[in-house]
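Just so it is clear: chains get the letters A, B, ... in the order the sequence lines come, proteins before strands, and each one is counted from 1. Bear in mind the structure is a predicted one, so any value in this text is a computation, not a measurement.
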Amino acid sequence: MHDKYNPRDIEAKHYERWRDLGCFAPAGDGTPYCIMIPPPNVTGTLHMGHAFQDTIMDALTRYHRMRGHNTLWQYGTDHAGIATQMVVERQLNAAGKTRHDLGRDAFVDAVWEWKAKSGGAISKQLAALGGSVDWDTERFTMDDALSAAVTKVFVDLYREGLIYRGKRLVNWDPVLRTALSDLEVLSEDENGHLWRFAYPLTDGSGELIVATTRPETMLGDTAVAVHPDDERYRHLIGKTVRLPLAERAIPIIADDYVDPEFGTGCVKITPAHDFNDYEMGQRHALPMINILAPDATLNDAVPAAYRNLDRYDARKQVVADLDAAGLLRGIDEHRMTVPRGDRSQAVVEPYLTDQWYVRIEPLAKPAIAAVENGDIRFVPKNWSKTYFDWMHNIQDWCISRQLWWGHRIPAWYDADGNHYVGHDETETRAFNGLKDDVELTRDNDVLDTWFSSGLWPFSTLGWPSETERLATFYPTNVLVTGFDIIFFWVARMIMLGLKFTGEVPFREVYIHGLIRDQDGQKMSKSKGNVLDPLDLIRGIDLDSLLEKRLTGLMQPHLAPKIEAATRKQFPDGIPAYGCDALRFTFAQLATTGRDIRFELGRIEGNRNFCNKLWNAARYVHMATTEPVAADPEPGIAERWILSRLNRTIGDVHRHFGQYRLDLAAQALYDFVWHAYCDWYLELAKATLTSEAMSDGARAAAQATLTSVLDAALRLLHPLMPFVTEEIWLSFGDRSTADETVMRAEFPIEDPTKIDPAAEADMDWLTGFTLGVRQIRGEMNISPGKFVPVLLDDAAAGDRERVARLGPLLTRIARLERVEFHDDGELPMAATALLGEMKIRVPLAGLIDLAAERARLTKQLTKTASDLGKVRGKLDNPNFVANAPSDVVERERARLATLEQASADLDAQIRRLD
RNA sequence: GGGCGAUUAGCUCAGGGGUAGAGCGCCACGUUGACAUCGUGGAGGUCGGUGGUUCGAAACCACCAUCGCCCACCA
């Protein structure tokens, strides 16, 4: 082994080998364990959020695989309808073309080509992350089999009356020219205006003043509404006003929806372009006048002067014309929520079109029940509240999209516009009794991407065929995802899973936080704060990093700022931290229900942790090259480290079971660094090199060094697959081709190895050592120098331990000799307390009296403070009467200890005078 | 307008009714036969505020403040 841990040297080779060995495929007859990957967009790349999520899934997968479970991490990608279509359209636009120039078939071919070209990027990234997905069963949402599942679900739902076609107001994206579901619309507060216009009464008796944020829609008004109890307007209800510009008469109606306090108390009603007005229009049977074309220009339903104007140009024109007509009565600044499409960022229009909908309530009910009754458990559980809130208010789901890339809706129309649904045209004709001479044309629309992702947990396993994979792995165990797609995806999988398989798609939903930058900002290209997981793994020089961050900016004027910030944070680029350090960092940060600030200090510390493990292994190699042939006689150190190991094993299992990878990582870090390396390795050195030790003790130390390291490697493997494999293979006779730590058994806690006696001995030994070290540190005694100690007030137990643990103690504490002081004059010495015993390091002539006094005084101050608190408690009769007796006993014992320590410290300080 | 979460060391975060923790950073010392990507010692916090419950609150409850997120039809 090289003397430095270098992740670049070791990571690539193991992944290929694992793949060749078939380690990623399900195997064995153990309990099935299955995780479905949330399918990334097929033409995308993995960002930090993916890397984080994949680390969690891979750790869980490797953990269960090592426990002997028949484990499948199902991989695949999503066709990502709008997102992918937009990417390819942008490429066409850059070449001066549009998708309409190509036509539908050629465009879809172009998307497939793009998929073929770029679709492998994610696989490579996932491999670099060590993701142990089953590559052999990779799926894509537009695979033939998955598409067939989509069609079947659509047809079945339709024939059951759960899918219908209807003309309704939908969210219309005028840039993408497609309908969107409610979820794809994001509302943001923006500055706007509130205009007031006068609508004259047709009988000439006056006017009504309406307030609106969207003047252009007045051309589609079909009523003015007031509150039925509004004294100002009650007498006008039923009369009509003349709609200016359009020059139509429209009624004044009364509706509770109107808030008399807002604006003027008069609302113009445009049923075809506002969701509230739409409902009011239905209540009052108002006409609906659609005034927009699909691109949000005004159509022929408006007077000629406004036709073909963009909605915002029309707005200006309407305001100007009303002003010219003397009907503009005021403009106020107004803060309002503006709906925008989540992909295009275009302002979305409520728009009257024919679309396909899923009748959702019959599906939602069992999906709510499944979480209520515990068939599905959210982790952390408070997310179930978010789920319930949405599910209880859920609206019918608009599933048709006016796109070309996606699953085409299996519906056909005859010449009269009647629609027929079926698996294909032939089946549709047969099912509906349509003769061959009836001409059918297929629906042009495709399905919402989430319709097919909603089937992912079972369509990937072969459904609707009753495959063995489906029987084995469905329902899956856990879904690992972010809260941002609980509605988009999690809820739909639950609804569709229950509907079509009769079972929940997964038992648990583990919701993790969002990865943000070190300042808590969302990572985004425009902020210039994006970190690429691969750059953290392999490193990147400053110039390359700058190039990545600065090219292709949507807002080039931000470039100087981004460049300055990047140069400041990464003056030398980013070093290669390695995959294992990155993964361990993700694990450490994987606390539940909280966003994560990604900190480079952490990953550097964890790279150092890998190095620590690496060097510990190097020592173990060195220390075991010449095996001592003797029956092992484990000493205190051996019993102690095994005790600590088995406690750690128990902790790790518990933490994995509760998805607390942060605690698992912490427990392992602490064990490896602060137990195994800091103490056991040093004690083992003492055992192996001390003349006083038997061959049996040496043999036990060698065996324990190896076995504990071996266990630690297996425990760490799910979090740090590469370095653990590299080290693991370097031990023993693991030259055979199919050895891998991936298939080694995950350690199981052995309660018989928990050894309180050894732990107590080690507490004494470490306490002794720390006392001596503190004196060294404070007295500036070289760490390497062996010092004599004089023990005062040693109890029988102390004497026994000195005798028994002496060889370890003198080495670990670097003691020249240990003597007991029974009576007579004490030399000048620095003192540490261990229980009642005083450990004195004689410092004849060398002692810095002031320093020693300061040191002891500090301890005394602390002791006195603690003593005060303990006395306060015990002097409180209520405490003694009400607190549990073991607590009272503990406090009494502590009181005694502190009093003793206080007296001893006081005496020591006085001795210095 | 509803709902959720956060507030603990300089920074990033664990913890949890009875001695306040980690990593990084900081200070001092140090080439102890794995590791300077290291070792040893040290400094640093009345756990956001107020009130309540309790023998005991940093932890539980209520309210408040600040920050963040989600949902919602006020023109």
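- At whole-Å resolution of the value, NZ in A/Lys385 and P in B/rC71 are 15 Å apart.
- Taking every side-chain heavy atom of A/Lys858 into account, B/rA43 is the closest of B/rC55, B/rA43, B/rU40.
- OP1 or OP2 of B/rC13 sits under 4.0 Å from a side-chain N or O of A/Arg597.
- At a cut-off of 3.5 angstrom, counting only N and O atoms as typed in the model, there is a donor on one side and an acceptor on the other between the side-chain of A/Arg814 and the base of B/rU32.
- Between the side chain of A/Arg602 and the base of B/rU12 there is at least one donor-acceptor pair of N/O atoms closer than 3.5 Å.
- Base contact: A/Arg894 has a heavy atom under 4.0 Å from a base atom.
- Comparing atom distances between the A/Trp673 side chain and each of B/rG39, B/rG18, B/rU37 picks out B/rG39 as nearest.
- Side-chain nitrogen and oxygen atoms of A/His674 include at least one within less than 4.0 Å of the OP1 or OP2 phosphate oxygen of B/rG23.
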A correct dot-bracket answer for RNA chain B, with pairs being Watson-Crick or G-U at under 3.5 Å, [ ] for crossing pairs and | for inter-strand pairs, is (((((((..((((....[..)))).(((((.......))))).....(((((..]....))))))))))))....
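- In the interface, the side chain of A/Arg776 is not paired with the base of B/rU40 through any donor and acceptor atom under 3.5 Å apart.
- B/rA36 and B/rC29: their C1' atoms are spaced 14 Å apart (whole Å).
- A close approach under 4.0 Å does occur between a side-chain nitrogen or oxygen of A/Arg660 and OP1 or OP2 of B/rG15.
- Judged as a salt bridge (Lys or Arg N to Asp or Glu O under 4.0 Å), the pairs with a partner in residues 576-589 of chain A (not counting sequence neighbours) are, in order, A/Asp58-A/Arg583.
- In this structure, A/Asn882 reaches the B/rC55 phosphate: one of its side-chain N or O atoms is under 4.0 Å from OP1 or OP2.
- The CZ atom of A/Arg871 sits 17 Å away from the P atom of B/rU19 (whole-angstrom rounding).
- In this structure, of B/rC55, B/rA14, B/rC73, it is B/rA14 that holds the atom nearest to the side chain of A/Thr591.
- With hydrogens and angles ignored, no donor-acceptor pair under 3.5 angstrom links the side chain of A/Glu778 to the base of B/rA28.
- Rounded to the nearest Å, the gap between the P atom of B/rC63 and that of B/rC69 is 23 Å.
- With A/Arg196 as the partner, the side chain to side chain donor-acceptor pair (under 3.5 Å) test is satisfied by one option alone out of A/Asp332, A/Thr212, A/Thr264: A/Asp332.
- Within residues 612-623 of chain A, the residues that place at least one heavy atom under 4.0 Å from RNA chain B are, in residue-number order, A/Lys612, A/Asn615, A/Ala616, A/Arg618, A/Tyr619, A/Met622.
- Atom P of B/rC47 sits at a distance of 33 Å from the matching atom of B/rC38, rounded to the whole Å.
- Atoms NE2 and CZ, from A/His2 and A/Arg618 in turn, are 9.0 Å apart once rounded to the nearest 0.5 Å.
- Between A/Lys873 and B/rU19 there is a side-chain N or O to OP1 or OP2 distance below 4.0 Å.
- Using a 4.0 Å heavy-atom criterion, one finds that A/Trp195 contacts no nucleic acid atom at all.
- Distance, A/Asp678 CG to B/rA22 C1': 14 Å, rounded to whole Å.
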